Undergrad: 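One structure follows; several queries about it will come next.
All of these numbers come straight from a predicted model, not from anything done at the bench.
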Amino acid sequence: MADTKREIERKYESDESGLPDLTGVAGVAAVIDKGVAHLDATYYDTEDERLAAASITLRRRTGGTDAGWHLKLPVATGVRDEIHVPLSDTVPRALTGLVRSRTRDHALLPLVRLRSERDVRHLVDADGILLAEVCVDAVRAERLSTGAQAQWTEIEVELADGRDPVVLRKIDKRLRKTGVRPSAASSKLARALAETGSGPRRRTEPPLVTAGDHVLAYVRAQRDAIVELDPAVRRDEHDSVHRMRVATRRMRSAFRSFGKVLDRSVTDPIGEELKWLAGELGVDRDREVLTERLTAALDDLPRTLLAGPVRTRLRTWTHARRGGSRRRLIAVLDGKRYLELLGALDALVDEPPLRKAAAGDPEKVIGKAVTKDFKKLSARIDEALALPPGHDRDLALHEARKKAKRTRYSAEAAVPTLGERAQDLLKSMKDLQNLLGDHQDSVMTRQALRELARTALAAGESSFTYGVLYGREERRAADDEAALPAAWEAIKEGSAV
């Protein structure tokens, strides 16, 4: 069973004089000596140190109060999520899955051993409540492949659960006054790697000169987002599925919009695989959107319009869909097809299939692509508005929504090149996408309501409330359609494309 903790800490260089007096820190009533702990940790990584390059640490540690396997995933500077699994002889499957987007098919091997003598102090307030834990760590590091060794002393300050981070700033101020300085290394492992051999390879961003440079920077950012979001999706973090799905869409959109830059004979097959992944992610995401929309709709209904166990029926429907979709999604992320897709994305950004236009002027090449997308969108909007309300118009508006997304993403990619022009178009496309997206959500919600009503009737329950909600959704879609012509005219008038 894995437990997760948000770790907020700061590290400092230290000589061997120990911990400065912290009793003068505002809000700290006492510094309590908790004794010395002897820690022995072995850090695991691939042979080419893929986890270290991503500032991820995986270790097996004994000693102290939290012996076990620890996986630390970066959240922000000085903030990591620590996932703890009980001790075992081999790396737990609960953790290998969370790093698979990094390790792929490379084995996890013992890389570095760190043995530390940890002098622990608790900083408490006047009520005896723990504010922070401060440790002085005397560290001995050994690189297991070569036997190279290093040793140092550092101070680590970790915020107690639920405490205000301002505590860390106050401690930091006091430590700096005594001559203590922040550590140059982000973690013990990073320092151990640097002092016992070559540290992890960090990617340097190339300058953006040509059209190809700009497009590749955008594509690379989406590849990185997919890889980085993988653990969050596996852990079912809020909005993670949606964000990964958006990254797949942005990349597919870039392949199509900038076909003059990247050879589509290479990118189209990858785009099809991205479409597959987006579809698998969409099973869960669509469920989230429908559930939120239906729950909000029920909350807005007067009690007099609630007939039967509607909320219970919705929960049952949601959980049944969720259980199946979650299991399927994890299986997808563990599957060969997904890993092969990640490999294809790596190959694409490392050896991009550039066409002649890639060497051209970014403003000209990218601007032309954005204009082309906008014209395609315009044709779709006009087509949809020419149709009478109903199924065919719903389909046409859905296609227009797709084109709005593509125009939005190409404008997004163009911001570094076109500046304010692209920024203005990006904002307009977001507004249009929201309007068309609300319309499509209404279409999908009505489909769900029909399904719920049929299930309720089969169980002998009233379908009245589902009918009320259905009618409201019809009216909401009609309002969106009525607002579209004026919104679109405003966009065309204000567009500088």
Side-chain angles (χ1 to χ4, degrees), residues 218 222 225 238-254 256-257 278-279 281-282 284-297 299-300 370 373-385 387 389 393-415 418 420-449 469-470 472-497:
Y218 187 77
Q222 309 320 314
H238 175 69
D239 205 38
S240 59
V241 170
H242 172 60
R243 287 185 290 149
M244 183 186 276
R245 194 182 187 192
V246 168
T248 67
R249 287 172 168 169
R250 281 173 167 152
M251 191 179 294
R252 286 184 65 225
S253 179
R256 296 190 177 191
S257 295
L281 292 165
D284 219 29
R285 174 58 184 169
D286 291 343
R287 185 268 316 165
E288 290 178 359
V289 171
L290 291 177
T291 298
E292 291 172 1
R293 191 175 179 107
L294 286 169
T295 300
D299 290 342
D300 285 342
V370 174
D373 282 340
F374 187 83
K375 289 180 178 178
K376 288 182 178 179
L377 167 63
S378 181
R380 289 290 189 181
I381 293 289
D382 291 343
E383 176 186 326
L385 292 176
L387 294 170
R393 176 183 269 193
D394 289 345
L395 291 178
L397 288 173
H398 183 45
E399 290 302 314
R401 180 191 179 207
K402 293 179 182 179
K403 290 296 185 290
K405 283 183 180 180
R406 184 180 301 176
T407 307
R408 171 185 173 179
Y409 296 147
S410 62
E412 185 177 69
V415 168
L418 302 181
E420 188 174 346
R421 286 168 52 202
Q423 195 70 56
D424 290 344
L425 179 60
L426 176 60
K427 182 180 182 304
S428 295
M429 290 301 100
K430 285 181 179 179
D431 293 340
L432 179 62
Q433 187 180 331
N434 286 338
L435 180 62
L436 295 174
D438 186 71
H439 183 275
Q440 177 62 16
D441 287 346
S442 177
V443 173
M444 298 300 294
T445 302
R446 279 176 276 160
Q447 291 180 7
L449 286 168
L469 294 176
Y470 192 97
R472 290 191 170 197
E473 286 293 345
E474 278 190 319
R475 186 168 65 250
R476 187 166 174 174
D479 290 343
D480 289 335
E481 292 180 36
L484 179 58
W488 177 239
E489 286 301 317
I491 290 172
K492 287 194 294 184
E493 290 176 8
S495 173
V497 176

Undergrad: Please enumerate all residues that pass side-chain hydrogen bond (donor to acceptor under 3.5 Å, both in side chains) together with T291, with sequence neighbours excluded.
TA: T318
Undergrad: Please name all residues satisfying side-chain hydrogen bond (donor to acceptor under 3.5 Å, both in side chains) with D382, sequence neighbours left out, ordered by chain then number.
TA: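 Partners of D382 by the side-chain hydrogen bond (donor to acceptor under 3.5 Å, both in side chains) criterion come out as none, since no residue qualifies.
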Undergrad: Return the set of residues passing side-chain contact (heavy atoms from CB on, under 4.5 Å) with A396 (not counting sequence neighbours), or none when no residue passes.
TA: A384, L387
Undergrad: Please tell me if the side chains of D424 and E420 come closer than 4.5 Å, counting only heavy atoms from C-beta onward.
TA: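 A side-chain contact under 4.5 Å exists here.
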Undergrad: Has S410 got a side-chain atom pairing as donor or acceptor with V370's backbone, closer than 3.5 angstrom?
TA: no
Undergrad: R256: what forms a side-chain contact (heavy atoms from CB on, under 4.5 Å) with it, not counting sequence neighbours?
TA: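 If we apply the side-chain contact (heavy atoms from CB on, under 4.5 Å) test to R256, skipping adjacent residues, the hits are R252, R264, R406.
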Undergrad: Tell me every residue that passes side-chain hydrogen bond (donor to acceptor under 3.5 Å, both in side chains) with R408, counting only those two or more places apart in sequence or in another chain.
TA: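 Result, side-chain hydrogen bond (donor to acceptor under 3.5 Å, both in side chains) vs R408: Q433.
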Undergrad: Go through the structure and list residues passing salt bridge (charged side-chain N to carboxylate O under 4.0 Å, His left out) with R245, not counting sequence neighbours.
TA: D286
Undergrad: With sequence neighbours excluded, tell me which residues meet salt bridge (charged side-chain N to carboxylate O under 4.0 Å, His left out) with K402.
TA: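 For K402 the salt bridge (charged side-chain N to carboxylate O under 4.0 Å, His left out) partners, ignoring immediate neighbours, are E399.
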Undergrad: Taking only residues two or more places apart in sequence or in another chain, which ones pass side-chain contact (heavy atoms from CB on, under 4.5 Å) with D300?
TA: R472
Undergrad: In chain order, what residues pass the side-chain contact (heavy atoms from CB on, under 4.5 Å) check against E292, with sequence neighbours excluded?
TA: none
Undergrad: Mark yes or no for whether T445, through its side chain, and D441, through its backbone, hold a donor-acceptor pair below 3.5 Å.
TA: yes
Undergrad: Excluding sequence neighbours, so at least two apart, what forms salt bridge (charged side-chain N to carboxylate O under 4.0 Å, His left out) with K427?
TA: D431
Undergrad: Checking R393 now: which residues fulfil salt bridge (charged side-chain N to carboxylate O under 4.0 Å, His left out) with it, not counting sequence neighbours?
TA: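 Partners of R393 by the salt bridge (charged side-chain N to carboxylate O under 4.0 Å, His left out) criterion, ordered by chain and then number, come out as E481.
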Undergrad: Would you mind reporting whether L425 and L418 have side-chain heavy atoms less than 4.5 Å apart?
TA: no
Undergrad: Do other residues, nucleotides or ligands put more than 12 heavy atoms under 6.0 Å from E489 CD?
TA: yes
Undergrad: Can you confirm whether I491 sits close enough to M429 that some side-chain heavy atom of one is under 4.5 Å from a side-chain heavy atom of the other?
TA: yes
Undergrad: Which residues pass the side-chain hydrogen bond (donor to acceptor under 3.5 Å, both in side chains) test with R476, not counting sequence neighbours?
TA: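 R476: side-chain hydrogen bond (donor to acceptor under 3.5 Å, both in side chains) contacts with D438.
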